[in-house]
Each structure stands twice: as structure tokens, then as C-alpha cells.
Asks: 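Here it is: the structure, laid out below.
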Amino acid sequence: MSGPILGIDLGTTNSLVGLVDTGFPVLIPDDEGRRILPSVVHFHPGTAPTVGESAKRARLTHPAEVIGSAKRLMGRRTADGPADSGGWGYQVRPGPDGRWGIDLPHGWTPPETIAAAILRELKRRAEAYLGRDIHRAVITVPAYFHDAQRQATKRAGELAGLTVERILNEPTAAALAYGLSRNQAGRYAVFDLGGGTFDLSILEQKEGVFRVLSTCGDTRLGGDDLDAAITEELQRRVHAELGPEAAIHSRPTLRQNAESLKIDLSQRESVQADFPFLWQGQSWSTTLDRSWLEQEASRVFANIPNLCRRALSDAGVDPADLDDVLLVGGQTRMPWIRTLASELFHQEPNTSVDPDEAVALGATIQAGMLEGSLRGVVLLDVTPLSLGIETFGGLMNVILPRNSTIPCKAGEQFTSAVDSQPGVRIKILQGERELAKDNWELGQFDLPFPPAPRGVPRVGVQFSIDADGILTVLGRDLTTGSEQTLEIRTAVDVDDVQVEAMVSQSVEHALQDMAERQWVEARLGAERAITMTRKALAILGTQVSGPEQADVARLLNAVETALRTRDPRQLKESLRALDEGTKPLADRLMSRLP
Ligand code: ADP
Ligand code: MG
């Protein structure tokens, strides 16, 4: 398929669309010149849904029909945990397929339907601008969207009549927007705080190529949470001044105004909030101070410093090594957030690209590159967790370490553990733990090979991840050349919370895991020594005298006892004794060789 490709920032709060027009990326305004479309949809029974500002205004009068923050529900299964409307007036309910959806007057509605309505509006805008039909798009998602969330985003595009050519991570898109305008080598942090998500990425740019060194974030943290805190505070005050009933009934009005009060406080030290005829004809007003909001912000955004530090340490980058800190997302307009960013990264953040537009601009640049109308920048991502296979004794053997740059490829050679083994089972694992069983299994396959003594078969295992994050595992019998492959699509898109849990568990269990690995390796060595000794006895037969045989049996017994009692020191000593005691046997074996 050909034709223009749209670049779309499908945001939790706001969405934008752009395209490359005669060589330049442009963001497309509506009839009134506004480039930002609120991601809000009003479903009225009997007519087509309305999208954007007018839908946002209808929130007060038709709370149950007006849907905002639907992105928080995209692709979320009930098994992922509870879900809510993020402070909106609609009902969230599990659907027939075990996924969260929205209760509307016309029935249960999946979040893709909401997203599709927004995408249709953006598509319509772009078509009016270009004067032709458009069928392709690049859509951005938070870096930590898992596979089901990305799939739901793709489906939303299809519902809107768009083929989604690429799902692009938002921070990567933002970097692209800054990259094109700057085109300088260096290392950057992208700090993206929007209405509903926080993402921090450490990127490197070299010779026009971006590399994502690490990413951290929270898919449920953003400016909405601050709006909710303001609503709570206003409601508390109404409760205190006008009573409990007034507090309950005025909540939607308070909520409606919370965001603009917050935005005003980015400009001023204090704002007066006036609510004419708030309750039973009574007007009410109150004052909010920036210092109070900043106190709330430090509570709401308490985890941001940790996430930033982790991204830095994962990337092995010191704040001093950063050439720039790029601020993205509307909430970064708040002065307190700018100060926080400058403290965390020991430098003044860069705000040269409009924080509302950076992601959409990056998506548009990516769209232009896919179309062929823009060239010169390649994007790379990283693996969020280590990938490897299970080896002898149930150990994790890492093939692609955590934070490997994508695309990437690595391989290793393995052999059999016992004689006449009919083949190997290749179990693909993801995680940071030493023992296979503590990591996640992504898939497995069997690779048969002709019977041979242990250690003779040679099996090559190769992991490769392509630019789209698809992992291909190849197993090849190097003797016969026969091979098997397995494709895994979930190796790169892993849920943030799961990544965090895996990493913290590996730190927590580091000593124990290490001890376990050492024991397993020692045990495998001991088992090898036992088999070798028995083989030697069998080969030499009557050349070994009765007393010698008794001696060796005693030494073998000591090793077996140590294995049973799981005493590493005893195992080491008994192995040394066995080694010493079987030297004469080994010498005799050697002399039999031609
Ligand atoms: P998203 O990526 O979630 O769609 P945006 O990047 O559009 O979000 O950011 C929206 C958030 O930014 C909202 O919570 C909005 O209230 C907030 N915001 C926008 N402008 C400002 C401002 N001047 N000061 C503080 N917050 C702002
Ligand atoms: Mg955003």
C-alpha cells in the first residue's frame, strides 16, 4: 500500500496528528486553529459520537456518556488487576472477553471503540487538509505498554480505517523530534509527564542514529492525578463550609475546574476559584496556592526520582554525562516539575520543542521516514530483561543480556549431558534470576540429534531480535545441520511493573541465587567425575586389583554422600580425594591409548 502516512500521538489526555508535507513535518490544526484534540468522546444515543473540546464540555451535563482517559483501559485484561475511569463519570466493567470496557447507554464498549473515534476525527482532519483519503498511520504508545495494549492500539487504528504501519514508543518519538532539530551527537534523558503516563528514557545519539540505553516509567502516573488531588481538596473544603450533601453534588463541577486551576498555578503563585451557584443557588469561592499544589505534587510524584535514578543506573550513565534533558508532556510546564528535573539531572532541562507537540512531531518524522519522504535517522530500542535458555541442572544461561540494543544477535554452543541423549529441549527464558525456574518461560522446542557419547553432539543456539522487537530463536545441530526455529513476539514489550518486580527480586535474592548456582555447578562437576571414574573401572576391568577397587568405591561413596547432604565444602574435599585416588587409573587409561 502506498500514499501518505499519518503520525499520531494518541494520548491519554490529548491527541495530535501530523504528516510530512512537501518535505516538512507539520501538525494539523482543526477549523479553529487548535492542534491539540482532547482525547474525550461523547456518545449520544442515536447519533454519531462527538470528539474533542465539545465532548469535554459535555462532561458536566452527561457524565455517564462522556469518556476520557480511555487509554488507561486499552488492552487491559481483568487478570491484570482492577481498573477505573480515572475520575471520569462513566462506569468501567469487565466485558465478555475478560477485558475491561466501558458501560455506555448502548451497551458495553471496549476502549478501542473510544480510541477509534478519536483516530477517525484525526484522520478526517488530515484528509480535509490534504484533500485526499488517507489509510496509513504511525501511532505512538507509552514505552511500557505490553503486547495486548499495543495490539489494542493497532485494532483501534483498523476500526478507524487506518493500517498501523508502526507502533512507536512515545519517548523515542520525542527524541526524534528533538533530534531532527538539533542533530548533535550526545546522550539525552527524555522526561515525559503527560496526563496519564510517566516515561523516562536515556538515549544516545551518534552519527544520526538514536540508541535507547534504558527506559523506566509508570503507565498510571500523570497530571490527572494532580487534578484528582485538587478535586479532593476542593471537595473537602466544600464539605467543611457547605456540608456533606453539597460536597457530593458539587464534585463534578469541582472536577471540571481542577485542571484549569492547576494550569493557572503554573503561571501564578495563587489562584482564586469562583463557583457561581454551586449548591442550591449558593455561590462559593476559595483560593489555592502554588505552595500547596507543590506539596501535593511531591506526594503524587514521589516515585519519579526513583524511576529516574533507576533509568540512569540501568544505562550506566551519570547525570553529568547527559548532554541534555528533554522535557515532554503538558505537565512538564509546571515549574515545580522543571525544578525537579533540573535537580535530578544536575542541569537545566531543554524545553526548545513544545512539550505538547514533541511526540506527535516525532511520530510524523517516523511516518515520513517510512514513506520515504524523510531520511537519515534510525531508531533503536533495548531489551528490558535478559534472555537465555535453561541449561544442565536448571540454570539460566543468558544469551542476550538486559538492555541489549535492538536489533541484536548472539549465540552459544552447547552439548549433551549424558550418553546417547536423543536430543535437547531448548527452553527460552526471560529474567534476571540464576535458576531457570525463577525466570519466565517464553517458549520451548526440541532439537533431536543422532545418538552419541555425552559431550560429542554440538548444538548451536542463536537469539536474534529484529527492529520490530521480534525474537527468533534458532537451534542447529552443528553435526548434521538440521535446525528448528521459534518466533517470540513478547520478548521486548514487557509490562513495566513486571520488569521492576523481576529486577528487584533478582537483587533481593542475589546471594542465595549465587550460592545455588555454585552448588549446581559443583554438583554437575561431581556427577561428571563419578561417571568418568565408573567408565574407567569398566574399561580397565581386571587390571584394577581388589584393594584398589575397594579404595575407589570408598572415595566415590564419599562424593555421593556429600551430594546427598548438600555440603559444598565436603563435596570439594571428597572430589579432590577422588581425583587424587584415581590418578593411577587415569595414567593406566592414558597408556592404553595408541
Ligand atoms: P497525554 O500525553 O497524557 O495525552 P499531554 O502531554 O497532552 O498528555 O499532557 C496533558 C497534561 O498536561 C494534563 O494533565 C494537563 O493538565 C497538563 N498540562 C497542560 N498544560 C499545563 C500547564 N501549563 N501546567 C501544568 N500542567 C499542564
Ligand atoms: Mg503524551
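As the structure lists them, so they are numbered: ligands from 1, and atoms in each ligand from 1. Basis for what follows: all heavy atoms, side chains included, without hydrogens, waters or symmetry-related copies.
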Asks: Tell me, which protein residue and heavy-atom name are nearest atom 24 (N) of ligand 1, and how many Å apart are they?
Replies: Ser266 OG, 2.6 Å

Asks: Which residue from Gln267, Glu259, Lys262 reaches closest to atom 14 (O) of ligand 1 through any of its heavy atoms?
Replies: Lys262

Asks: Strictly below 4.0 Å, N to O, side chains only: are Arg333 and Asp354 in salt-bridge contact?
Replies: yes

Asks: Under 4.0 Å between a side-chain nitrogen and a carboxylate oxygen: does that hold for Arg220 and Asp84?
Replies: yes

Asks: State plainly whether the residues Asp314 and Arg402 are in salt-bridge range, i.e. N to O under 4.0 Å.
Replies: yes

Asks: Checking the N or O distance criterion of under 3.5 Å, is ligand 1 in contact with Asn14?
Replies: yes

Asks: Should Gly196 be listed as contacting ligand 1, given a heavy-atom distance under 4.0 Å as the test?
Replies: yes

Asks: Within the 4.0 Å heavy-atom shell around Gly329, which atoms of ligand 1 are there?
Replies: 6 (O)

Asks: For atom 2 (O) of ligand 1, what is the closest protein heavy atom, and at what distance to 0.1 Å?
Replies: Gly194 CA, 4.0 Å

Asks: Please check whether Thr12 reaches ligand 1 - meaning an N/O of the residue sits under 3.5 Å from an N/O of the ligand, judged on distance alone.
Replies: yes

Asks: Rounded to the nearest 0.5 Å, what separation is found between the CG atom of Asp323 and the CZ atom of Arg187?
Replies: 8.5 Å

Asks: Below 4.0 Å from ligand 1: does a non-hydrogen atom of Ile263 turn up there or not?
Replies: yes

Asks: Between Arg237 and Glu233, is the closest basic N to carboxylate O distance under 4.0 Å?
Replies: yes

Asks: Quick test: of every protein heavy atom, which one is nearest to atom 1 (P) of ligand 1, and how far off is it to 0.1 Å?
Replies: Gly195 N, 3.5 Å

Asks: Any idea which atoms of ligand 1 are less than 4.0 Å away from a heavy-atom of Gly11?
Replies: 4 (O)

Asks: I need the atoms of ligand 1 closer than 4.0 Å to a non-hydrogen atom of Gly223, numbered in the order shown.
Replies: 14 (O)

Asks: Can you report which non-hydrogen protein atom sits closest to atom 26 (N) of ligand 1, along with the distance?
Replies: Gln331 OE1, 3.3 Å

Asks: May I ask you to identify the nearest protein heavy atom to atom 5 (P) of ligand 1, giving residue, atom name and distance to one decimal place in Å?
Replies: Gly330 N, 3.6 Å

Asks: Pick out which of Asp21, Leu122, Val17, Leu37 makes a side-chain contact (heavy atoms from CB on, under 4.5 Å) with Ile28.
Replies: Val17

Asks: Identify which one of Leu326, Ile304, Asn350 satisfies the side-chain contact (heavy atoms from CB on, under 4.5 Å) criterion when paired with Phe191.
Replies: Ile304

Asks: Under a 4.0 Å threshold between the charged nitrogen and the carboxylate oxygen, would Glu165 count as salt-bridged to Lys154?
Replies: no

Asks: Are any of the N/O atoms on Arg333, whether in the backbone or the side chain, positioned under 3.5 angstrom from an N/O atom of ligand 1?
Replies: no

Asks: Tell me, with the steps shown, if Glu121 and Arg124 meet salt bridge (charged side-chain N to carboxylate O under 4.0 Å, His left out).
Replies: CA-CA 5 Å; Glu121 173 61 24; Arg124 196 194 53 75; 2.8 Å; yes

